[in-house]
Structures are given as C-alpha cells and as structure tokens.
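First comes the structure, then the notes that go with it.
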Amino acid sequence: MTSISRTIKYDNVTNYRRAVLVLTALFVLLVAWYIYLVNSTIFGAVSRERQLGVLADLQSEVVALEGDYLGLANNISLEHARTLGFQDVDSKTLIASDYEAEKLAQASL
C-alpha cells in the first residue's frame, strides 16, 4: 500500500505544480494585458488633449481671419472700387450663351 500512496502524493504534487504554473502564466498574461490597456488609454487621452489644443489654435486663427475680412469688407465702397480701376457696367446681360459666342466668332472672321 505504500507504493500507491506515494504515487498519489506524487501526482498531487505534479498537478499542484502544473496548476501553479498555469495560474502564474495566466496572471502574467493578465498583468501584461492590463498594462497595455492602461497605456492605450493614457496615450489616447494625451492625443486628444493635443488635438484639442490644435483645434483651439485653428479656431482662433479663423476668428482672426474673419475679423480681417469684415474689416476689409467694410472699407470697400463704390469710390474705392473706381480708384482701383473698376467701371460701371451699362449692359444688363448677365449670362452669355454659346449662340452669342458663335456670332461673335463669325463676326471677327
């Protein structure tokens, strides 16, 4: 009977060691996964903060450009346009058709 009890004890020790090894490997795997997830979260938050900073800079630039545009648009007048060489248009034709373009081309021949 002693040989059977020794075999059973040996199997229990072997199974115990295997269980400890498997649990240790699982623990290490879970710790590595946890570190990866925390790292991903931190990098995502940092990236989001950078993007918000860039967005704020772009918005301030747009506001400045809109202010410049409104300032320049308010300075335009009919007299200023005439000093730049623009002239009043007497004809009321807004759209030229292909037919009129062909007539002009034939008239120039």
Identify whether Val20 and Leu30 are in the same connected component of the hydrophobic contact network (ILVMFWY, side-chain heavy atoms under 4.5 Å).
no

Look up atom CG in Leu21 and atom OH in Tyr16, then write down how far apart they are to the nearest 0.5 Å.
12.0 Å

Same cluster or not: are Val22 and Val28 linked, directly or through other Ile, Leu, Val, Met, Phe, Trp or Tyr residues, by side-chain heavy atoms under 4.5 angstrom apart?
no

What distance do Leu78 atom CG and Thr83 atom OG1 have between them, rounded to the nearest 0.5 Å?
10.0 Å

If Ile, Leu, Val, Met, Phe, Trp and Tyr residues are connected whenever their side-chain heavy atoms lie under 4.5 Å apart, and connections chain through other members, are Leu52 and Val62 in the same group?
no

In Å, rounded to the nearest 0.5 Å, how long is the span from CG of Leu29 to OH of Tyr34?
15.5 Å

Show your reasoning for whether side-chain contact (heavy atoms from CB on, under 4.5 Å) applies to His80 and Leu84.
CA-CA 6 Å; His80 182 66; Leu84 293 175; 3.6 Å; yes

Gap between atom CG of Leu70 and atom CG of Asn75 - 0.5 Å precision
11.0 Å

Scan residues 73-83 for pairs that pass salt bridge (charged side-chain N to carboxylate O under 4.0 Å, His left out), counting only residues two or more places apart or in two chains.
Arg82-Asp88

Can you confirm whether Val54 sits close enough to Arg50 that some side-chain heavy atom of one is under 4.5 Å from a side-chain heavy atom of the other?
no

So, taking the atom named OG in Ser40 and the one named CD1 in Ile35, what distance separates them when rounded to the nearest 0.5 Å?
12.0 Å

Transitively linked via ILVMFWY side-chain contacts under 4.5 Å: Trp33 with Leu26?
yes

Given Glu61 and Leu58, is the side-chain contact (heavy atoms from CB on, under 4.5 Å) satisfied, shown in steps?
CA-CA 5 Å; Glu61 186 177 342; Leu58 289 174; 4.2 Å; yes

Step by step, would you call Arg18 with Asn15 a side-chain contact (heavy atoms from CB on, under 4.5 Å)?
CA-CA 5 Å; Arg18 283 183 187 164; Asn15 288 338; 4.3 Å; yes

